[in-house]
Amino acid sequence: METAVTDSYAAYYDQAEIPGIPCNNGNVKAFSEVFFPTLYSIVFIVGLIGNGLVVWVLIRYRQKSNMTDVCLFNLALSDLLFLVSLPFWAHGAIDEWIFGKFMCHTITGFFMIGLYGSIFFMVLMTLDRYVVIVHAHSLFSRNRSAKMRLILASFVWMLSLFASLPNIIFAKVKNDSGIKTSCGTDFPEVLILLDLSGAFDTVNHQIILSTLSSLGITGTPLHWFESYLTGRSFRAAWRGDVSKAHQLITGVPQGSVLEPLLFFIYTTSLGPIIQAPANPSLQHIIELHHH
């Protein structure tokens with residue numbers, strides 16, 4: 001004979017609720033206060049020595065420089081500009097930001113310009129090597145004068161500055177944690193709200209009926225919708241005077257569940273228009289979402 005075993009979980013639900021232990025990130029903060037200053041210090045020392053040597057060598061032998069040397073020289077300058085900001089970030093990781101608002105903008109600018117400058121000069125150096133090797137007889141390959149190198153280097157520096165401007169402008173000293181102040185980028189948040197309460201009054205009867213027909217709603221159901229939408233008129237009254245009746249050719253009767261449904265169907269034709277705009281460059285920029 002088999003014995004039925006019944007598991008009871010009643011005692012599980014009778015247990016008193018154990019209050020949760022709040023998350024303690026004290027160890028994480030203690031680790032970051034040691035790790036980041038150490039990392040920044042090592043990068044600062046090694047980078048300062050290495051890039052300083054590069055700058056010294058390229059200045060000493062500047063008479064024999066070419067486009068690659070110009071890129072390397074400016075790449076080293078970008079790295080040095082980036083390295084200047086590291087001691088300030090290291091101090092901010094240990095303690096708090098004590099250098100003020102102006103230095104917050106300045107150090108953020110050094111950091112971002114150095115970062116973008118390093119990226120853009122590496123790209124320029126790669127493109128230069130590609131042109132020299134693959135298109136050795138092109139116009140750009142032959143026109144590699146000192147003036148052209150200066151123009152390209154200036155353009156890259158300007159491009160780095162413009163790319164860094166948002167971070168520089170919106171850099172601020174903030175105290176989010178309530179414990180210590182820090183320097184960071186605080187971009188403004190923009191919320192756009194659209195009031196579509198009057199949008200239902202713009203639904204054209206002929207267009208919505210044609211859309212319903214294209215979706216396969218024909219015959220008697222389509223006549224139902226036509227009877228529901230059309231044949232309505234309105235008057236305007238003011239101080240006892242009433243205007244003549246005018247037929248409504250737009251609008252959906254409000255207060256019904258069909259109101260949002262018909263408006264949604266009415267706007268379905270926007271999908272193909274937005275997804276395949278007249279300008280092909282906008283095809284992957286504009287998106288349409290129905291909620």
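Ring to ring, F31 and F35 are close: their centroids are under 6.0 angstrom apart.
V54 is linked by a side chain to side chain contact (heavy atoms under 4.5 Å, CB included) to L58, A76, counting only residues two or more places apart in sequence or in another chain. Every residue was checked against the side chain to side chain donor-acceptor pair (under 3.5 Å) condition with Y61, not counting sequence neighbours, and none meets it. Partners of Y228 according to the side chain to side chain contact (heavy atoms under 4.5 Å, CB included) rule, which considers only residues two or more places apart in sequence or in another chain, are R232, P253, S256, L258, L262. The side chain to side chain donor-acceptor pair (under 3.5 Å) test applied to S118 returns D79, not counting sequence neighbours.
Although no hydrogens or angles enter the test, the distance criterion places no donor-acceptor pair under 3.5 Å between the side chain of S227 and the main chain of H223. Of the possible donor and acceptor atoms, none in the side chain of S213 sits under 3.5 Å from a partner among the backbone N and O of L209.
In the hydrophobic clustering of this structure, I151 does not group with W157; members are Ile, Leu, Val, Met, Phe, Trp, Tyr whose side-chain heavy atoms approach within less than 4.5 Å, directly or through other members. Following chains of ILVMFWY side-chain contacts shorter than 4.5 Å, one can reach F121 starting from L53, so the two form part of one hydrophobic cluster. No chain of hydrophobic side-chain contacts below 4.5 Å, direct or via other Ile, Leu, Val, Met, Phe, Trp or Tyr residues, connects V57 to L80. Linking ILVMFWY side-chain heavy atoms closer than 4.5 Å, directly or via other members, places I42 and F82 in two distinct hydrophobic clusters. L150 and V55 fall into different hydrophobic clusters, where Ile, Leu, Val, Met, Phe, Trp and Tyr residues are linked whenever their side-chain heavy atoms come under 4.5 Å apart, directly or through other members.
For the pairing with L83, the side-chain contact (heavy atoms from CB on, under 4.5 Å) check across F44, Y40, F111 returns one residue only, F44.
Across all non-hydrogen atoms, the minimal contact from W97 to C183 is CD2-CB, 3.5 Å. Nearest approach of H105 to I168, heavy atoms of both residues: ND1-O, 2.6 Å.
The neighbour count for I249 CD1, taken as heavy atoms of other residues, nucleotides or ligands under 6.0 Å away, does not exceed 12. Within a 6.0 Å sphere centred on CZ of F162, heavy atoms belonging to other residues, nucleotides or ligands number 12 at most. No more than 12 heavy atoms of other residues, nucleotides or ligands lie within 6.0 Å of CZ in F102, so this atom counts as exposed by the packing criterion.
V34 forms part of no hydrophobic cluster, judged by ILVMFWY side-chain heavy-atom separations under 4.5 Å. The hydrophobic cluster of I94 has no other members, since no ILVMFWY side-chain heavy atom comes under 4.5 Å of it.
Taken to the nearest 0.5 Å, the CH2 atom of W56 stands 15.5 Å off from the CG atom of N51.
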